[in-house]
Amino acid sequence: MARIIVVTSGKGGVGKSSVSVNVASVLALQKKRVCLIDGDFGLKNLDVMMGLENRVLYDLKDLIDGKCSLEQLLIRDKRLSTLFLLPACKSLEFKDLDTQYMEALVKKLEQQFDYILIDSPAGIEKGFQYAIHLAKEALVVITLDASSVRDADRVIGLLLKAGIHDLKLVVNRVDQDLLDRKQCLSIQEALDILALPMIGIIYEDHSMIEANNKGLPVVIQQKGLLYQCFEHLVSRLEGKDVPFIKMRKKHTLFSIFKV
Amino acid sequence: MNISIKGKNDYLIVQVKKTISIEEGLDALEALLDKMALTSHGFYPKALFDFDCRNLNQLQFKRLMKLILEKKSLLFAGFVESIEEKKEMTFVDRSIRNGEILSIQEDTLIHGQINPGTLIYVEDHLYILGKISGTFVLMNEHATISGSYFDHVAIYFKDQFLQEVTSFSQLNLYIENGKLIQKQGGKEPWLE
Ligand SMILES: Nc1ncnc2c1ncn2[C@@H]1O[C@H](COP(=O)(O)OP(=O)(O)O)[C@@H](O)[C@H]1O
Ligand SMILES: [Mg+2]
């Protein structure tokens, strides 16, 4: 039976899709069978991030209309044989989605996979309720700015109300420089407000943007800071107790002069 | 009337008004028992006596017993310690998050924090165990908010903004003559 996890946030642009793709990829690197559902209907971009955009032949609506089978709809990743993408489609209207149908679909997927990750729209957007409806757990992605935390707080309230109590925080785009200079919220301040366990710290790193643009998940190389961050996140997801990666303080000119 | 009799379950409750002394109450009881025949078909009703939490001294107690024995119209079943019904407290075991609006209409204990972006209307006593932010509207002069960690909490009285409160010590907030009172320490104003 698969674990069904929705990846969500209060605000858009905090890195839900990036987190979904890389968590899914690390799981698949560990030979877990993973189905990644692009639940951000209307803003589909997982296919681009995974370099699979030319492979999208069918979408959910085709499956619902009986134009393709589930096997045809699921796109196997180019590099990771146990990772599959279930693409949505721009033309799909939410009113076309039949919750009962989706539940049946998820029941079927549950048998075939170890993990079903759903990349959802931000909490305030249409489709959020629908995406969380399917999940039993949630990763709430935040960044260390006050509005992201406030919006996440709101979404956490909605998730709890929807009966999803297994919630974990992913703090993304953590910039050690900003933290050192106290130009953003501290991680502790964010945790104090949201009062949820933290499962991952993902640092700000330009390699993420490059990788997303190239359609090559940043963790694929299995090295570097971001790989470590995601690897640790996945270990915690699997119940292991691993430390959070700490960045060494950068020796800026200022700090060298001070010594 | 300085004395009243109510039926409750299988008992009669003989209640002596708190405005009169115990002696006066006993006088009134004597007069009442003279007038009333409470027996019915040989059964004596059981009576609980309520002197509004006051203790009878030995003499007063003897007089009460004598009265009951002489008048032979009811059985002594004991004293009522308090006639006030215990007020129930609502318990909320979660945090209140951004965007939530609550209305506190009865005594409530919140075991959790109140986050920024919440709006809480308070009509009764509200006790909060966690860190407190957000906006509170006190709806009357009976309403109170008690907590020990207020972080830029905006306080309104009805539709009027009063002030922001930040405090790291135990505080009870309430309205008196339209002004916000911040009472420190564990002394609860509503118990005085
Ligand atoms: N850890 C990170 N470091 C640097 N850039 C990041 C990081 N995470 C996400 N980004 C970038 O932020 C932008 C938004 O990310 P995306 O995953 O699309 O967010 P969302 O799905 O929440 O809208 C993208 O350009 C992405 O490459
Ligand atoms: Mg996205």
Side-chain angles (χ1 to χ4, degrees), chain A residues 6 8-12 14 16 120-129 132 137-171 182 184-198, chain B residues 89-106 108-123 126-137 139 145-156 161 163-171 173:
Chain A
V6 64
T8 191
S9 71
K11 247 168 66 136
V14 296
K16 287 181 301 294
S120 88
I124 19 82
E125 281 160 45
K126 222 167 120 189
F128 168 79
Q129 289 291 346
I132 64 168
E137 300 172 52
L139 299 185
V140 180
V141 183
I142 61 166
T143 57
L144 291 175
D145 65 85
S147 64
S148 153
V149 171
R150 288 283 190 98
D151 291 348
D153 192 40
R154 208 167 186 139
V155 157
I156 290 162
L158 295 175
L159 288 163
L160 291 171
K161 216 167 156 189
I164 303 176
H165 293 278
D166 193 344
L167 305 175
K168 296 183 185 81
L169 292 177
V170 177
V171 188
K182 299 197 165 39
C184 60
L185 290 182
S186 72
I187 290 175
Q188 194 54 50
E189 281 170 321
L191 295 183
D192 280 349
I193 290 189
L194 300 176
L196 288 182
M198 173 171 69
Chain B
M89 169 133 20
T90 306
F91 182 55
V92 178
D93 192 15
R94 65 181 179 92
S95 291
I96 312 303
R97 295 182 182 272
N98 184 9
E100 281 191 64
I101 300 174
L102 288 192
S103 183
I104 303 296
Q105 285 161 350
E106 55 199 10
T108 302
L109 173 66
I110 297 182
H111 179 225
Q113 56 191 36
I114 314 290
N115 280 356
T118 54
L119 175 56
I120 303 189
Y121 295 96
V122 189
E123 292 177 38
L126 173 60
Y127 310 80
I128 301 154
L129 294 178
K131 183 175 169 181
I132 310 166
S133 305
T135 305
F136 288 78
V137 185
M139 298 302 285
I145 306 164
S146 306
S148 44
Y149 190 161
F150 292 82
D151 184 14
H152 294 91
V153 176
I155 305 283
Y156 283 71
F161 174 71
Q163 71 183 84
E164 249 186 34
V165 174
T166 294
S167 160
F168 306 112
S169 57
Q170 215 282 323
L171 262 195
L173 304 181

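Below, each value reflects all heavy atoms present in this structure, side chains not excepted, and no hydrogens, waters or symmetry copies. Labels below follow one simple rule: chain letters A, B, ... track the order of the sequence lines, proteins then strands, and each chain is numbered from 1.
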Pair Leu160(A)-His165(A), side chain to side chain contact (heavy atoms under 4.5 Å, CB included): steps then yes or no = CA-CA 6 Å; Leu160(A) 291 171; His165(A) 293 278; 3.5 Å; yes

When you look at Val165(B) and Phe136(B), which way does the side chain to side chain contact (heavy atoms under 4.5 Å, CB included) test go after all the steps?
-> CA-CA 11 Å; Val165(B) 174; Phe136(B) 288 78; over 6 Å; no

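Most heavy-atom pairs under 4.5 Å with chain A: of the set Lys131(B), Glu100(B), Gln113(B), Arg97(B), this distinction falls to Arg97(B). In terms of heavy-atom pairs under 4.5 Å with chain A, the best-connected choice from Gly117(B), Gly112(B), Gly99(B), Pro116(B) is Pro116(B).
In this structure, CG on Leu126(B) lies 6.5 Å from CD1 on Ile114(B), to the nearest 0.5 angstrom. Remark: Leu169(A) CG to Met198(A) CE distance equals 8.0 Å, nearest 0.5 Å. Atom CD1 of Ile110(B) is separated from atom OH of Tyr127(B) by 12.5 Å, given to the nearest 0.5 angstrom. A distance of 6.0 Å separates CG in Asn115(B) from OG in Ser95(B), rounded to the nearest 0.5 Å.
Of all residues spanning residues 147-154 of chain B, none has a heavy atom less than 4.5 Å away from chain A's heavy atoms. Of all residues in residues 139-152 of chain A, those placing a non-hydrogen atom less than 4.5 angstrom from a non-hydrogen atom of chain B are Arg150(A), Asp151(A).
When all heavy atoms are compared, the tightest approach of Ala122(A) to Lys16(A) is N-CE, 3.9 Å. Nearest heavy atom pair, residue Thr8(A) against residue Pro121(A), reads OG1-O, 3.6 Å.
For the pair Thr118(B)/Leu102(B), no side-chain contact is recorded, criterion being any heavy-atom separation below 4.5 Å from C-beta on.
Put simply, the side chain of Asn98(B) never gets that close to the backbone of Asp153(A): no donor and acceptor are under 3.5 Å apart.
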